[in-house]
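Presented below is the structure to which this report refers.
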There are 2 protein chains.
Amino acid sequence: MSLVAATAAGATREGAGVATLSDVARRAGVSPATASRVINGSSKPVTEELRERVLRAVTELQYVPNAHAQLLARSHRGAVGVIVHDVSDPYFSEITRGLQRVATDQGRLLMICNSYRDPERELEYVELLRGQQVAAIILAGSGYHDADFTRLLNGKLAAYEATGGRVAVIGRHEHSGDAVMPDNRGGGELLGQELCRLGHERIGVVAGPRVLTTITDRLAGLRAALADHGRELPEHRIRYADFDRDGGAEATAALLDAEPDLTAIAALNDSMAIGALALLRARAVPVPRQVSVFGFDDMPIAADVTPALTTVRLPLVEMGARAMALALDPGAAGPRVESLSAELVRRDSAGAAPR
Amino acid sequence: MSLVAATAAGATREGAGVATLSDVARRAGVSPATASRVINGSSKPVTEELRERVLRAVTELQYVPNAHAQLLARSHRGAVGVIVHDVSDPYFSEITRGLQRVATDQGRLLMICNSYRDPERELEYVELLRGQQVAAIILAGSGYHDADFTRLLNGKLAAYEATGGRVAVIGRHEHSGDAVMPDNRGGGELLGQELCRLGHERIGVVAGPRVLTTITDRLAGLRAALADHGRELPEHRIRYADFDRDGGAEATAALLDAEPDLTAIAALNDSMAIGALALLRARAVPVPRQVSVFGFDDMPIAADVTPALTTVRLPLVEMGARAMALALDPGAAGPRVESLSAELVRRDSAGAAPR
DNA sequence: TCTGGGCGGGAAAGCGCTTACCTCACCCGG
DNA sequence: CCGGGTGAGGTAAGCGCTTTCCCGCCCAGA
């Protein structure tokens, strides 16, 4: 689910009569208590006779219990909140699939919120989810290099946890609690090693916004690996743009305009890599013969573009599943951190550097 | 949001003390009524002095109102429910984007539920959303050829509408209320015309599940256009499979195995077309030189695969936006139906039939 | 000085449900 | 024949909030 705070405005006030529990009880000629008991199979026994009368009334009135009233009365936290950058981004779709699977297994409802990479909105969603009395909040997706924001967010999360809420994050170092950490740095290193193995020297990097910690991590790994092989990564060969397809195309164009003889483009996620591929095709640059392209994440479409994308795989579904498991298992006192390693996937978009 | 019915089991019962409105009131030394008034800016004036005391208490206690209690007290329907087949499918991501935009503009919260093409689950979600007291329910995605299911669904929707709920559907004829209808049949015709224009005779169709009305509509349009040009579409050249990438690959393989000399593959959505493309590439069949491939929907990635997909565009975002507008506008007595037409997008995956 | 009107604030009645607790009838053993 | 146990059902007290209604105060006007 994507949410947006509902304001008081624009409320509809329709509805002559939604059937309530009392309506059912009245029609069945029993007390609300009895009706409630048969409707949600309480442990307290009710005679067959009454049970049937109640069930009949339920179908006749098309009664559906008011979920809010139930929640209030039970003071029972059922749902789990998830805050992602954007579910329509395959990276998050995959993570969400993992989250969903575990949540479903445990009979939990999931509320999914899109922050669209706006820290402000992320903060709002934490409040909103808290108001919804969710049992746990899961934050997926890169954190931000912004100390003020981090402090604020941690404050809110702490308040939530203090009242028994559980929190798990995916890929954020800033939070001190339970976390699932994909090895972004290690993935960057794999990328760097491959680049060196293939003999690339003039490498352009197509990066997402530098405020994202994911970007700096991947970059750091890449730099480290290159340095190991005596290569440098000058700042002017890194272009920061939106973390999506169009950003990838744009950054690639800028890179190529500045230095037409690059032999490799390393995109910091697959969407950007697809944008890079599109731009190269538009400019009739042969891939990988003249320029090799690398992605990151290995989202499903990566294998289907042409040339199929060489990329660094992150176990996205697994990450989601683990995070949900952590969030739902009250266990362990100390914070638990699970690291998941990256893996290089060689396909057709990268080859040896032309000489 | 994706939901799954939360069972009573597996509830957590944590939480020593979530601050409540009374806590805030007590700490501020005012009545709950006053606290409530300042917190959600009631029209009733409150002295600056008290207002400040309350606000201070709110921040000190990190108070967040209990959304369920608010909803209950206001008996105000805020959210809107959306049932789609699968948000991670770009077709629905796009529609959802449109829904979201309008909902956000009107300050509405969206609850998104994935039915994963399971009619049973669709029914359950209608109940669930009703229980959540949503102001409207939007059903997106093909209906099913299943009279029993349709009757059941319409019954539930009618009950919901009877109590003031609003319903809008996207691409379903079975419901009699407000609807946004993409012109699937017309799109099929466009496809057929293009196929004829390019001189294709031996055409294989890669279709999704035949229980989906979308499939039969597109197929009907395609058939009609072919018939106009004196061509037939024999049943054995239609393969029904899952409505996704893998289904597309599978159906294409079956088609080619049976008739290696087909000159065109018409897939009934882009995901399937991408699967077809992948299979053809794997078999080293040149596209479009030997076989042309057509998609349907024009989802964003269609332009980025290679060869770029020739497809039939549906205004997905627009469809979502219109549906939400209909759902949120109580207006008109009679049911309103908005038709949106399809458009052929020529790219590189289709060419003249080889001779 | 007295009255009426306005206005800020509180008391309390719900919203629809769950559940602890109580009642009442019945049945058993002593 | 009676006391107490048992078990089915009802009563009512909330869950946390909003909102109507009312009260008391202050000031303007007579």
Side-chain angles (χ1 to χ4, degrees), chain A residues 6-9 11 13 15-54 57-58 61 63-78 130-133 163-164, chain B residues 6 8 11 13 15-54 57-58 61 63-78 130-133 163-164:
Chain A
T7 64
R13 255 226 135 292
V18 184
T20 75
L21 183 66
S22 323
D23 295 335
V24 172
R26 199 168 320 120
R27 175 169 258 245
V30 300
S31 75
T34 304
S36 168
R37 291 198 261 260
V38 1
I39 287 170
N40 37 43
S42 135
S43 57
K44 194 140 191 183
V46 174
T47 5
E48 196 49 35
E49 151 84 22
L50 292 193
R51 147 170 278 97
E52 270 175 19
R53 293 225 303 268
V54 170
V58 166
L61 295 175
Y63 169 74
V64 176
N66 181 320
H68 301 293
Q70 285 189 315
L71 237 56
L72 190 57
R74 284 204 256 254
S75 68
H76 146 199
R77 300 165 160 205
R130 204 139 89 76
Q132 294 285 335
Q133 315 297 110
T163 60
Chain B
R13 255 223 135 292
V18 184
T20 76
L21 183 67
S22 323
D23 296 336
V24 172
R26 199 169 319 120
R27 176 170 258 246
V30 301
S31 74
T34 304
S36 167
R37 291 199 262 260
V38 1
I39 287 170
N40 35 46
S42 135
S43 57
K44 191 139 193 183
V46 174
T47 5
E48 196 49 35
E49 151 83 21
L50 292 193
R51 147 170 278 97
E52 271 175 20
R53 293 225 303 268
V54 171
V58 166
L61 295 174
Y63 170 73
V64 176
N66 181 321
H68 301 293
Q70 285 188 316
L71 240 54
L72 190 56
R74 284 204 256 253
S75 68
H76 145 201
R77 301 164 159 205
R130 204 139 88 76
Q132 294 286 334
Q133 314 298 110
T163 59

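We use all heavy atoms of the structure for the numbers below, so side chains are in, but hydrogens, waters and symmetry mates are not. We name chains A, B, ... by the order of the sequence lines, and we start the count at 1 in each one.
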Between [X] (side chain) and [Y] (backbone), is there a donor-acceptor pair under 3.5 Å?
X       : Y        : value
A:His68 : B:Gln132 : yes
A:Thr20 : A:Ser22  : yes
A:Thr47 : A:Glu49  : no

Which nucleotide in the set [options] lies at the smallest distance from any side-chain heavy atom of [X]?
X       : options                : result
B:Ala73 : C:dG16, C:dC15, C:dG8  : C:dC15
B:Thr47 : D:dT18, D:dG10, C:dG9  : C:dG9
A:Ala33 : D:dT11, C:dG9, D:dT18  : D:dT11
A:Ala69 : C:dC17, D:dG16, D:dC17 : C:dC17
B:Pro45 : D:dC17, C:dC15, C:dG8  : C:dG8
A:Arg74 : D:dG16, C:dG10, C:dT19 : C:dT19

Write down the distance between [atom1] ([X]) and [atom2] ([N]), rounded to a whole number of angstrom.
X        : N      : atom1 : atom2 : value
B:Leu21  : C:dG10 : CG    : C1'   : 13 Å
B:Glu49  : C:dC7  : CD    : P     : 20 Å
B:Lys44  : D:dT19 : NZ    : P     : 12 Å
A:Leu72  : D:dT18 : CG    : P     : 12 Å
B:Gln132 : C:dG16 : CD    : P     : 16 Å
A:Asp23  : C:dC17 : CG    : C1'   : 13 Å
B:Leu71  : C:dG16 : CG    : C1'   : 12 Å

| task | Supply the atom-to-atom distance A:Asn40 CG to A:Leu21 CG, rounded to the nearest 0.5 angstrom. | result |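 Between A:Asn40 CG and A:Leu21 CG, I get 8.5 Å after rounding to 0.5 Å.
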| query | Should B:Val54 and B:Ile39 count as side-chain neighbours, where that means a heavy-atom distance under 4.5 Å? | reply |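 They are in contact (side-chain heavy atoms under 4.5 Å apart), so the answer is yes.
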For [N] and [X] - does any side-chain N or O of the residue sit under 4.0 Å from the phosphate oxygens OP1/OP2?
X       : N      : result
A:Ser31 : D:dG10 : yes
B:Asn40 : D:dT18 : yes
A:Gln70 : C:dC17 : no

| A:Val30 or B:Val64, whichever maps to the more 5' nucleotide of DNA chain D |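 It is A:Val30 whose nearest nucleotide is closer to the 5' end.
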| Looking for any heavy atom pair under 4.0 Å, which part of the strands does B:Ser36 touch: base, sugar-phosphate only, or nothing? |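 Base contact.
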| Is there a donor and acceptor pair closer than 3.5 Å between the side chain of B:Arg51 and the base of C:dG8? |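 Not at all, since no donor on one side and acceptor on the other fall under 3.5 Å apart.
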| Distance-only donor-acceptor test (3.5 Å): side chain B:Arg37, base C:dG8 |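 Absent.
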